[in-house]
Amino acid sequence: MKIGVLALQGAVREHLRLLEMAGADAVPVKRSDQLADLDGLVIPGGESTTISKLMHKYDLVEPVKRMAEAGKPMFGTCAGLILLAKRIEGTDTHHLGLMDIAVERNAFGRQRESFEADLSIRGVADDFRAVFIRAPYITQVGDGVEVLSEIDGKIVAARQGHLLGAAFHPELTDDVRVHAYFVDMVKESLQVPTV
Ligand SMILES: NC(=O)CC[C@H](N)C(=O)O
């Protein structure tokens, strides 16, 4: 099983490390011709506007959308979550627009630029120490979206079928459980249905 990490900007190496720890082959991805080989893709944290600009520059927007539409699992963390969202509060644009959620950028306010919190994440862990850095949160979810975690009533992790998003940075810890959950999603997507 081979999982790519979009390697235009942001926390790439850290995701590669955790994916390997979770038992996947992980490769950095910079060009669209690399996508065909992949069973799943991680879109890392960083700066969503910068990653989006680079995705346009390197003609990755449509190929990544097609990959998701073909049912390949994707996991966006922090800026990556913003890239996946269909709606970004305060704007009338989106980036990939794949996941039926609205997000608010830098949503925890200046006084909480970065912080850690213990999260309960449905299907993943009851005690996940999560690192938040200028994090967004999810303000709205569509019908097909399962809320996986909340902090102070704010949604910080969600799943819609083969799409997973987290407002925090699971790659900045040694706790492999969120990545293992994504690796399981990829495994499931590869299973040929037996009729
Ligand atoms: N750590 C992060 O990925 C921060 C995301 C950043 N605030 C953005 O809006 O893109």
Side-chain angles (χ1 to χ4, degrees), residues 3-19 26 28-30 40-58 60-61 64-65 68 73-119 121 124 128-141 145 148-152 154-160 163-179 181-182:
I3 298 179
V5 178
L6 194 65
L8 301 174
Q9 192 238 7
V12 176
R13 249 176 319 146
E14 294 83 351
H15 272 296
L16 294 171
R17 182 173 146 265
L18 269 283
L19 288 168
V29 172
K30 290 187 179 287
L41 183 71
V42 170
I43 307 177
E47 184 58 41
S48 53
T49 48
T50 304
I51 297 175
S52 178
K53 269 184 208 143
L54 292 168
M55 286 188 83
H56 279 98
K57 183 168 171 195
Y58 296 108
L60 276 156
V61 176
V64 168
K65 276 193 200 170
M74 286 191 189
F75 177 24
T77 57
C78 201
L81 170 72
I82 298 167
L83 284 150
L84 287 179
K86 280 216 166 118
R87 210 156 64 71
I88 301 169
E89 298 285 355
T91 73
D92 51 13
T93 55
H94 59 227
H95 300 298
L96 294 166
L98 291 166
M99 206 169 164
D100 195 8
I101 56 172
V103 295
E104 167 106 31
R105 295 179 64 198
N106 304 318
F108 288 94
R110 274 185 169 270
Q111 64 279 34
R112 292 183 90 192
E113 280 242 313
S114 74
F115 61 96
E116 294 185 12
D118 285 318
L119 296 181
I121 309 172
V124 178
F128 194 89
R129 189 80 186 154
V131 180
F132 291 80
I133 304 168
R134 293 188 303 283
Y137 58 71
I138 298 170
T139 53
Q140 270 186 342
V141 297
V145 179
L148 299 183
S149 188
E150 290 178 65
I151 175 172
D152 302 335
K154 292 160 179 152
I155 302 167
V156 292
R159 174 176 178 175
Q160 180 180 11
L163 304 173
L164 178 67
F168 51 93
H169 288 268
E171 77 285 7
L172 297 184
T173 62
D174 278 328
D175 193 333
V176 75
R177 289 177 291 177
V178 174
H179 286 79
Y181 180 87
F182 180 63

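Every number for a ligand or one of its atoms is a count from 1 in the order of the listing.
Using a 30° and 60° split on the angle between ring planes, F132 and F108 fall in the perpendicular class, above 60°.
Listed here is the closest heavy atom pair of T139 and V103: OG1-N, 4.0 Å. Taking all atoms of both residues into account, the shortest heavy-atom contact from T77 to P170 is CG2-CD, 3.8 Å.
At a threshold of 4.0 Å, the pair D152-K154 does not count as salt-bridged, since none of the basic side-chain nitrogens sits closer than that to a carboxylate oxygen.
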Between ligand 1 and the protein, which N/O pairs are shorter than 3.5 Å?
residue	atom	partner	partner atom	Å
ligand 1	1 (N)	I133	O	3.0
ligand 1	1 (N)	H169	NE2	2.9
ligand 1	3 (O)	G46	N	2.9
ligand 1	3 (O)	G46	O	3.0
ligand 1	3 (O)	A79	N	3.0
ligand 1	7 (N)	N106	OD1	2.7
ligand 1	7 (N)	R134	O	2.9
ligand 1	9 (O)	S48	OG	3.4
ligand 1	9 (O)	R105	NE	2.7
ligand 1	9 (O)	R105	NH2	2.9
ligand 1	10 (O)	S48	N	2.6
ligand 1	10 (O)	S48	OG	2.8

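No more than 12 heavy atoms of other residues, nucleotides or ligands shown are found within 6.0 angstrom of OH on Y58.
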Report all side-chain donor-acceptor pairs from residues 47-57 shorter than 3.5 Å, counting only partners two or more places apart or in another chain.
residue	atom	partner	partner atom	Å
E47	OE2	R105	NH2	2.6
S52	OG	H95	ND1	2.9
H56	ND1	S52	O	3.0

